[in-house]
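The figures here come from the full heavy-atom set of this structure, side chains too, leaving out hydrogens, waters and symmetry mates. The structure displayed is predicted, hence computed values, not measured ones.
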Amino acid sequence: MTGPAVPFREIVLKVHSRCDLACDHCYVYEHADQSWRTRPKTVSEHVISRTARRLAEHAKTHALPSVSVILHGGEPLLAGPARLRKVCEEFGSALSGVAELDLRIHTNGLQLSPRYLDLFDEFDVKVGISLDGDRAANDRHRRFADGRSSHPLVLKAVELLRQERYRHLDLGLLCTIDIENDPHAVLDALVELDPPLVDFLLPHATWDDPPPRPNGSGTAYAEWLLKIYDRWEERGRPVPVRLFASVLSTLSGGPSLTESLGLAPTDLVVVETDGTLEQVDSLKSAYDGAAATGFDVFSHSFDDVAAHPGVRARQLGLAGVSETCRSCPVVRSCGGGLYTHRYSSAGEFDNPSVYCRDLEALVRGIEARTAAPPEVTDRAELVEAQQDLTRTLLARLHADLDGRGGERWDEAWQLAGVLESSEEGAAGLDHVLAHPYTRTWLLESLEGLREGRPGAVDEALRLPDYVAAAAVRSGLGLRVRADHRGGRLHLPTLGELRVGGEGEHGTVRLSTAEDGFVARRDDGGGEWRIRHGAGSPAWSPVRHLGQAGAPRFALDDLDPYRNCFGAPAAPRLGRAEADEWEAGLAEAWELLEREAPSHAAAAAGSLTTLTPLTAGRHAERPHGYGAVGLRSTADAKRLALELLGGFRRSTLRALLDVTDLYASDGSWEYRPLWQDGSVPFSGLLAETYERVAFAALDPCFMDGVNEALDMMGSAAEPTAGGRRFIAALKEEVKRTQDKWAH
């Protein structure tokens with residue numbers, strides 16, 4: 001096992017090892033491990049103080065910002081208020097100034113009273129209560145030893161915790177599933193109590209001791225939970241349900257929210273009443289001694305436990321699940337199930353969960369029932385989302401500079417606010433911020449500040465140039481300062497003004513008007529009047545290409561951030577070269593409109609900027625939506641393919657900026673038929689997305705596409721949105737195949 005051990009952020013402290021109920025599904029008393037019989041009933045003060053010091057030591061070593069301590073049993077309230085107070089005081093004192101302390105207690109609620117809750121209020125101890133639903137459901141398992149119902153006393157505890165003075169301590173309800181209970185009645189009873197959270201737990205079982213399945217169905221638990229899910233949706237999701245929230249999160253590319261699902265490493269250790277350090281408690285249902293480590297708080301640190309092979313095995317993520325699970329499409333959501341539930345005496349823990357079919361059916365069922373989230377698919381929406389993202393990045397840059405930009409930044413920031421206050425000014429600012437290479441500047445600046453690069457603040461101080469360009473575009477009579485570097489003043493989206501020699505740097509004052517602007521060097525070194533449409537030897541405007549009937553694109557061969565493609569950007573084109581580009585683009589566009597009209601229409605509505613590239617390789621950097629780098633104008637078909645490929649790459653990148661199409665990228669590799677070697681899911685998706693578009697111009701690009709789509713459709717990485725994206729690609733392929741078939 002490689003890599004450092006994951007530090008513990010949560011400990012379960014057994015404060016009492018006996019219980020006042022006789023639940024027949026309890027993993028502590030009713031399953032294989034019976035070690036509770038030899039342990040003290042109540043945790044001693046010595047164990048409490050030693051554990052608190054060990055946890056503080058662990059938190060300090062790993063610089064943990066917070067740690068959780070869960071008081072457990074048996075029934076923890078049987079330890080009594082005095083012993084529980086000692087726990088709170090010792091841990092509070094030990095962690096003071098080291099890490100935030102999150103104290104919790106899980107109880108059956110029978111002993112809960114104002115005396116306990118006042119204590120918990122004093123130390124901010126959150127309370128979770130076990131309740132399996134209505135009276136019939138709860139009393140199926142949760143009874144006293146003499147058979148009496150516990151339900152009335154549990155309801156009394158819940159009602160007490162719901163009182164206004166204690167409501168802030170309420171963690172919610174834990175419900176163990178029994179598929180013989182009425183799922184609707186169970187949910188309705190729990191919702192009626194208005195808890196902040198409901199957590200449904202699968203009963204502990206292994207391959208040696210499988211869960212009951214009265215009707216013989218291999219997906220009976222999923223069917224029961226999906227009935228709960230449907231009822232929950234029907235009622236408008238009245239309370240959060242951790243199990244459902246976790247599946248929905250992973251389907252959207254997010255993390256698991258519960259230990260029983262997902263691939264996140266375990267960060268929990270158990271301290272028994274005698275100070276013994278053990279692995280997660282549910283392992284007691286696997287076999288006698290399954291949770292044992294051989295360590296205790298007197299002789300061993302938590303780091304010793306974190307390095308234990310049994311603990312490390314549960315920190316391996318995808319590598320820690322069985323081969324069957326690693327190749328399963330839902331493993332990112334189910335995570336192979338709870339570690340305990342994988343056990344068999346033959347294969348130990350190298351198995352899928354005994355609930356494997358249930359977990360797959362549950363994930364698939366929720367995925368099928370989930371309405372499409374508000375994803376960006378419309379081009380106008382995508383442009384708007386990108387604009388919002390750019391503004392967010394600009395605000396972050398402002399915050400990260402934290403005053404280091406000085407007077408120049410503040411002046412430009414204030415002028416941007418002035419521009420926003422008028423329709424013309426806001427339009428000018430929107431245009432400049434929407435420029436694809438503005439995004440490159442922002443990301444480069446943020447990264448430079450974060451890494452502490454020399455000159456990072458100076459690089460960020462290009463804001464005056466962008467605001468000046470917006471002011472010129474607005475046509476409003478404004479005065480603004482901008483900076484020239486190397487004797488050149490660059491106004492993004494507009495052009496470049498030569499105001500001095502290569503080694504000169506300084507400030508230029510601009511006066512804007514409807515017909516252009518006047519620029520004066522601050523040091524009196526010159527003045528230039530630039531009118532829209534009028535030439536000037538010192539002024540190099542951004543050219544625009546496009547003949548009658550075709551869209552117009554900016555041919556940006558000036559922007560200092562245009563060098564963001566996989567090949568070096570070409571220097572400023574001569575007039576003849578620009579004319580060649582215009583002619584070549586017209587021919588390529590005519591081909592696109594004839595052979596791939598839907599792609600041409602999409603590109604026409606989204607592409608804004610073309611940048612000529614030269615031969616060679618260059619580090620690719622992020623840029624905003626709507627820019628394409630092109631290498632050649634000599635061949636219409638080749639140029640059309642470059643346009644399509646660049647447009648698809650730009651679109652996919654923009655989609656990934658605002659929505660998650662996949663997660664766990666790089667965990668698996670795929671071998672597309674059109675190349676040697678393997679690629680991660682992200683590479684397969686990007687290449688397939690391009691080839692589907694290329695096939696509209698040349699059917700040879702269809703080779704291997706259907707196989708790639710099948711690979712992605714059965715992969716574990718796609719989110720729910722990603723699967724819809726793949727389905728849309730399949731529809732696009734069908735239309736292209738129909739075209740070539742006719």
Worked check of side-chain contact (heavy atoms from CB on, under 4.5 Å) between Ser282 and Leu338: CA-CA 9 Å; Ser282 62; Leu338 190 69; 3.9 Å; yes
Can [X] and [Y] be counted as having a side-chain donor-acceptor contact under 3.5 angstrom?
| X | Y | value |
| --- | --- | --- |
| Asp102 | Ser66 | no |
| Ser667 | Glu717 | no |
| Asp208 | Thr206 | no |
| Asp303 | His62 | yes |
| Ser149 | Asp139 | yes |
| His168 | Asp121 | yes |
| Asp178 | His141 | yes |
| Asn351 | Ser344 | yes |
| Thr107 | Glu75 | yes |

Does some side-chain heavy atom of [Y] sit less than 4.5 Å from a side-chain heavy atom of [X]?
| X | Y | result |
| --- | --- | --- |
| Leu160 | Pro114 | yes |
| Ser301 | His58 | no |
| Arg369 | Asp230 | yes |
| Leu251 | Ile366 | yes |
| Ile70 | Leu13 | no |
| Asn108 | Ser150 | no |
| Asp358 | Arg213 | yes |
| Val15 | Thr273 | no |

Write down the atom of [X], the atom of [Y], and the distance for their closest heavy-atom approach.
| X | Y | answer |
| --- | --- | --- |
| Ala137 | Val186 | CB-CG2, 3.8 Å |
| Pro718 | Arg723 | CB-CG, 3.8 Å |
| Val43 | Arg83 | O-NH1, 2.6 Å |
| Gln279 | Ala292 | NE2-O, 3.7 Å |
| Ile105 | Phe120 | CD1-CZ, 3.9 Å |
| Asp134 | Ala185 | OD2-CB, 3.9 Å |

Stepwise side-chain contact (heavy atoms from CB on, under 4.5 Å) test for Leu197 and Leu173: CA-CA 6 Å; Leu197 179 73; Leu173 301 174; over 6 Å; no
Salt bridge (Lys or Arg N to Asp or Glu O under 4.0 Å) between Glu367 and Arg364, worked out: CA-CA 5 Å; Glu367 183 177 29; Arg364 294 295 196 200; 3.5 Å; yes
Between the main-chain N or O of [Y] and the side-chain N or O of [X], is there a donor-acceptor pair closer than 3.5 Å?
| X | Y | answer |
| --- | --- | --- |
| Tyr166 | Leu117 | no |
| Ser49 | Glu45 | yes |
| Arg342 | Ser353 | no |
| Ser93 | Glu89 | no |
| Trp224 | Asn181 | yes |
| Thr219 | Arg357 | no |
| Asp402 | Ala399 | no |
| His341 | Gly337 | no |
| Thr250 | Ser246 | yes |
| Tyr662 | Ala716 | no |

Can you confirm whether more than 12 heavy atoms, excluding those of [X], are under 6.0 Å from its [atom1] atom?
| X | atom1 | result |
| --- | --- | --- |
| Glu192 | CD | no |
| Lys227 | NZ | no |
| Arg396 | CZ | no |

Derivation and outcome, side-chain contact (heavy atoms from CB on, under 4.5 Å), residues Leu359 and Tyr221: CA-CA 8 Å; Leu359 294 174; Tyr221 289 85; over 6 Å; no
Do [X] and [Y] sit within salt-bridge range, that is, some charged N less than 4.0 Å from a carboxylate O?
| X | Y | answer |
| --- | --- | --- |
| Arg450 | Asp400 | no |
| Lys60 | Glu57 | no |
| Asp188 | Arg235 | yes |
| Arg142 | Asp132 | yes |
| Asp194 | Arg167 | yes |

Enter the distance from [X]:[atom1] to [Y]:[atom2] here, rounded to the nearest 0.5 Å.
| X | Y | atom1 | atom2 | result |
| --- | --- | --- | --- | --- |
| Leu243 | Ile228 | CG | CD1 | 10.0 Å |
| Leu155 | Leu193 | CG | CG | 6.0 Å |
| Leu112 | Leu110 | CG | CG | 9.5 Å |
| Phe91 | Lys86 | CZ | NZ | 11.5 Å |

CA sep, side-chain torsions, deciding dist, call: Ser130, His106, side-chain contact (heavy atoms from CB on, under 4.5 Å): CA-CA 8 Å; Ser130 297; His106 288 171; 5.9 Å; no
All side-chain contact (heavy atoms from CB on, under 4.5 Å) counterparts of Ala59, not counting sequence neighbours: Leu64, Val67, Leu95, Val98, Ala99
Qualifying residue, where the test is side chain to side chain contact (heavy atoms under 4.5 Å, CB included) with Arg104 and the options are Leu169, Leu171, Val69: Leu171
Sequence neighbours excluded, every pair satisfying salt bridge (Lys or Arg N to Asp or Glu O under 4.0 Å) that has a member inside residues 237-246: Asp199-Arg242, Glu233-Arg237
Pairs involving residues 229-259, ordered by first then second residue, that meet ring pair (Phe, Tyr, Trp, His ring centres under 6.0 Å) (sequence neighbours left out): Tyr229-Trp232, Tyr229-Phe244, Trp232-Phe244
Steps toward salt bridge (Lys or Arg N to Asp or Glu O under 4.0 Å) verdict (Arg53, Glu90): CA-CA 9 Å; Arg53 289 200 299 273; Glu90 286 284 350; 5.6 Å; no
Mutual orientation of the aromatic rings belonging to Phe8 and Phe302 [parallel < 30°, tilted 30-60°, perpendicular > 60°]: perpendicular
